[in-house]
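Keep in mind that what you see is a predicted model, and the values were worked out from it rather than measured.
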There are 2 protein chains.
Amino acid sequence: MTTIHDVARHAGVSAATVSRVLNGHRTVDETLAGRVRAAATELGYSPNILARNLRKSQTNLWAVIISDVNNPFFTSLVRGVEDVGQQAGYSVLLCNSDENPDKEASYITAVLAQQIAGVIISPSSRPDNMAQLVEGSRAVVTIDREVQEVETDAVLVDNERGAQAATAHLIEQGYSRIACITGPRKVSTATSRLRGYRQALRDAGRTFDTNLVRYSDFRETGGREAMADLLDSGARPDAVFATNNLMTVGALETLAERGLGIPDPVGVVGFDELPWAELVRPSLSTVAQPTYEVGRTAAQLLLKRLENPDERFTVITLPTTLNIRDSSRR
Amino acid sequence: MTTIHDVARHAGVSAATVSRVLNGHRTVDETLAGRVRAAATELGYSPNILARNLRKSQTNLWAVIISDVNNPFFTSLVRGVEDVGQQAGYSVLLCNSDENPDKEASYITAVLAQQIAGVIISPSSRPDNMAQLVEGSRAVVTIDREVQEVETDAVLVDNERGAQAATAHLIEQGYSRIACITGPRKVSTATSRLRGYRQALRDAGRTFDTNLVRYSDFRETGGREAMADLLDSGARPDAVFATNNLMTVGALETLAERGLGIPDPVGVVGFDELPWAELVRPSLSTVAQPTYEVGRTAAQLLLKRLENPDERFTVITLPTTLNIRDSSRR
DNA sequence: CTGTTAGCGCTTTCAA
DNA sequence: TTGAAAGCGCTAACAG
């Protein structure tokens, strides 16, 4: 291992000067700086990151805490984060909270212990976790979901409008008993999307019927059970809007099991794109989120916050796109 | 920040003793150890990981270098790694080489610079990268693909047998002109799976026809183009075996575009499970890999290697499962 | 079994 | 503008 002292000796300067040059402090004479850079390349020097971390009490790591690595929504997002982070010299730690507040809490503890530079998080339903994270961390950007109790930079999508567009589309296709399978009551995306659904019904002069609404868990089995329950309960839905991709898959499975055709007698629109939505037969109508963009934008906010810790918080809301395919077109 | 010295003072011992107790060295008197533990909890002490990292010249981080985060094969694998790693006190860095040897090289450099404790990698086609990684890293486990030139612990699946079973199944269903879309010539999974395909043909007394083989890139568009080329070339395939999930998707897209029915006139079997294989119509026959298990096993090998750097290398080969669904059944 | 001591390699005052 | 020196908090070699 060549150290900063080796470079210093080789260039005939002190270690402090080498440090200054390599960190881009402009206060060094150009001649010396040149000598230092030459020595560094000649010796193949690269600074010991661990020593730097200790000295600065901070790593060059980011953490992304998401609720499900298996959900393509998040993987695409992670790429967006990674692309920006790597550019700026950060490596990305992936943490998978699994929609489980305890697991989230343990990751937050780990993140604080590691002295991670910045955190991008899709928060679970426990606001205390977020409070602790924000308290102990240098920079936090919230994605996907809002947390009322804690203020941070955030990147969201226009959930309400997306849900409204999806529901309005189903209405316009002549469906009359449109069900909604949404996520946990405490998760903002679940409630916003439900609100959009409700708004579309109201706009169309329809009544909002709680018999047609199910609160589930954003998972495949949850969607499956919610759909079964809707069919068995006598609510007689002729269409369903599911507020995330996995629950949509679950709903489709139930419909297939029951031998119910799509889009007739039952129309389907899902929130979130499925990677192979075109291959599913009939092809699936979705409200698509700009997932990669969400990740990229969050990473950019994080970068800004790291540079400028005292700036006011920004919240960016990105638009969704309604992709009308065969599952809702009759 | 409470430091080890605070705890030492509080417990009336030296910092070294505190360190010993907290690291589980058994050479400390139980009375003292108890006092230390009491002091530590009372003060809410947690060791500074950055200092420990510097001192030990090693982080408590693992890196997983994979070729595509968007591929569900890898995300499930990452979970397996993460579950084991977290248990043992490691955090997992996710690196996305994107099937690009240059990107892989840059991640390897980063991993070495970070002094990552252990690396799990699905190597690209550039053996030099692996050589450099193995040279500079404490522990490396290879997954998914073999690299001839470099010896490491490894977790593989029985690609040849899986491919053979898939092809034999197509033969048994009465398909006579079975094509194979495989990956890059330099990637072992591509060649092993092709070998299995070939073996099945031989076993059935069929001739191996290179006109029915395409080397592609393990990506969706690659599979799409390869399928189109097969159809346009006059090779007249009546079935296709694609050697990974994304290329299978591509092939399905081409077949749909051309209005060719599945399983008639064209049968399809893919390697790797698709997350919603059941929803694709017709449902897709696949050779499934135990992805989560691959990750878990690799992590366990890594743990072992870290404990025991001089042990002989182990290579574990896990079995695949042929899931026969509608796309190949006529 | 325990304490003293000496760094790990870097950044950053502080003084020149 | 530069260098000397201190020290981030920890672990491990060594001595007792």
Side-chain angles (χ1 to χ4, degrees), chain A residues 1-40 43-61 89 112-117 136 138 306, chain B residues 1-40 43-61 89 112-117 136 138 306-307 309:
Chain A
M1 268 299 295
T2 76
T3 75
I4 198 169
H5 290 104
D6 300 329
V7 179
R9 203 175 317 118
H10 204 262
V13 298
S14 75
T17 299
V18 176
S19 172
R20 284 191 272 257
V21 171
L22 267 33
N23 288 291
H25 299 198
R26 325 296 320 248
T27 68
V28 182
D29 183 277
E30 247 322 304
T31 334
L32 284 198
R35 253 161 52 202
V36 167
R37 275 187 283 265
L43 298 178
Y45 170 71
S46 68
N48 183 322
I49 294 180
L50 271 32
R52 175 184 291 168
N53 286 347
L54 173 60
R55 179 57 229 233
K56 313 211 335 182
S57 300
Q58 173 163 146
T59 59
N60 64 336
L61 258 32
L112 298 183
Q114 296 275 353
Q115 312 198 44
I116 299 288
R138 288 167 188 73
L306 254 12
Chain B
M1 267 300 296
T2 75
T3 75
I4 200 171
H5 290 103
D6 300 329
V7 178
R9 206 175 315 119
H10 203 263
V13 298
S14 74
T17 299
V18 176
S19 172
R20 283 190 273 256
V21 172
L22 267 32
N23 289 291
H25 299 200
R26 325 296 321 248
T27 70
V28 182
D29 182 277
E30 248 323 304
T31 333
L32 284 197
R35 252 158 59 201
V36 167
R37 274 188 283 265
L43 298 177
Y45 170 71
S46 68
N48 184 323
I49 294 180
L50 271 34
R52 174 185 292 168
N53 286 347
L54 172 59
R55 179 56 230 237
K56 310 201 356 177
S57 299
Q58 171 163 149
T59 59
N60 63 337
L61 258 32
L112 298 183
Q114 295 275 354
Q115 311 196 47
I116 299 287
R138 286 167 190 73
L306 254 13
E307 281 167 13

Using whole Å, what does the distance between atom [atom2] of nucleotide [N] and atom [atom1] of [X] come to?
| X | N | atom1 | atom2 | value |
| --- | --- | --- | --- | --- |
| A:Asp6 | C:dG9 | CG | C1' | 11 Å |
| B:Arg35 | C:dT2 | CZ | C1' | 12 Å |
| A:Arg9 | D:dG3 | CZ | C1' | 15 Å |
| A:Gln58 | C:dT12 | CD | P | 11 Å |

Within the side chain of B:Thr59, is there an N or O that forms a donor-acceptor pair under 3.5 Å with the backbone of B:Gln115? yes

Could you grab the distance from atom [atom1] of [X] to atom [atom2] of [Y], nearest 0.5 Å is fine?
| X | Y | atom1 | atom2 | answer |
| --- | --- | --- | --- | --- |
| A:Leu112 | A:Arg138 | CG | CZ | 9.5 Å |
| B:Ser14 | B:His5 | OG | NE2 | 8.5 Å |
| B:Met1 | B:Asn48 | CE | CG | 5.0 Å |

Identify, with sequence neighbours excluded, every residue that meets salt bridge (Lys or Arg N to Asp or Glu O under 4.0 Å) alongside B:Asp29. none

Please report the closest heavy-atom contact between A:Val7 and A:Val36, naming both atoms and the distance. CG1-O, 4.1 Å

Does A:Ser14 put a side-chain nitrogen or oxygen below 4.0 Å from OP1 or OP2 of D:dT2? no

Where along nucleotides 5-11 of chain D does protein come under 4.0 Å, by heavy atom, of base (B) or sugar-phosphate alone (S), with - for untouched nucleotides? -BBBBBB

Nearest-nucleotide comparison on DNA chain C, the residue closer to the 5′ end among A:Thr17 and B:Val13: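 In this pair, the answer is B:Val13.
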
